[in-house]
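Worksheet for the structure shown next.
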Amino acid sequence: MTDFEDAALEVIARLKPGDVVTYGEVAAEAGFPGAARAVGSLLRKTGADIPWWRVVGAGGYLRSPDPARQARLLAEDGIVVIDKRVH
DNA sequence: CCCCTGACTAGAA
DNA sequence: TTTCTAGCCAGGG
């Protein structure tokens with residue numbers, strides 16, 4: 001487990017219902033500013049156990065391979081998603 | 001070690 | 001507005 005993965009996973013695990021952060025914010029918060037891509041790679045291989053749906057792309061755009069599913073999960077958190085974007 | 005890809009971004013053209 | 005480029009980190013060939 002790399003330092004990056006360890007820190008990034010913890011940042012995401014701390015997210016509460018209603019919270020939405022971008023890949024870049026997670027990376028910066030984890031101490032690796034600019035490593036937004038690595039966050040995506042991490043979520044891709046990481047199974048459940050973390051609120052991955054609360055991580056979106058810059059501008060609130062849903063970048064997950066299944067935007068519809070992510071939008072539904074966000075809705076359960078009380079977050080409104082319009083045209084695949086969080087406002 | 002080199003090269004390419006990707007749930008990314010910000011800035012330049 | 002759309003397209004490119006450069007930067008970043010992890011992974012795979």
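As the structure is a computational prediction, the values presented were derived from the model and not from experiment. First the proteins, then the strands, lettered A, B, ... as listed; each starts at 1.
- Of the side-chain N and O atoms in Lys45(A), one or more sit less than 4.0 angstrom from OP1 or OP2 of dG11(C).
- Straight-line distance from the OH atom of Tyr23(A) to the P atom of dA10(C): 17 Å, rounded to whole Å.
- Both Glu5(A) and Gly34(A) lie close to DNA chain C; mapped to their nearest nucleotides by heavy-atom distance, the more 5′-ward contact belongs to Gly34(A).
- Straight-line distance from the CG atom of Asp3(A) to the P atom of dA10(C): 9 Å, rounded to whole Å.
- One P atom belongs to dG7(C), the other to dA7(B), and the distance between them is 22 Å to the nearest Å.
- Each of dC8(C), dA7(B), dA10(B) was ranked by its minimum atom distance to the side chain of Arg37(A); first place goes to dC8(C).
- For the pair Ser64(A) and Trp52(A), the tightest heavy-atom approach, listed with the atom from each and the gap, is CB-CZ3, 4.2 Å.
- Taking atom CG on Leu62(A) and atom P on dC8(B), their separation rounds to 12 Å, with Å as the unit.
- Nearest approach of Ala30(A) to Ala7(A), heavy atoms of both residues: O-CB, 3.4 Å.
- When distances run from any side-chain atom of Phe32(A) to the nucleotides dG6(B), dA10(B), dC9(C), the shortest one goes to dC9(C).
- For Ala35(A), the side-chain atoms get nearest to dC9(C) when compared with the rest of dC9(C), dA7(B), dT9(B).
- In this structure, Glu5(A) pairs ionically with Lys45(A), as a charged nitrogen and a carboxylate oxygen lie closer than 4.0 Å.
- Residue Ser41(A) places its side chain closer to dG6(B) than to any other of dG6(B), dT9(B), dA7(B).
- Closest approach of Val56(A) and Gln70(A) over heavy atoms only: CG1-NE2, 3.9 Å.
- Residue contacts for Phe4(A): at a heavy-atom cut-off of 4.0 Å it reaches the sugar-phosphate backbone alone, with no base atom in range.
- Between the C1' atom of dC8(C) and the CD atom of Glu25(A) lies a distance of 17 Å, rounded to the nearest Å.
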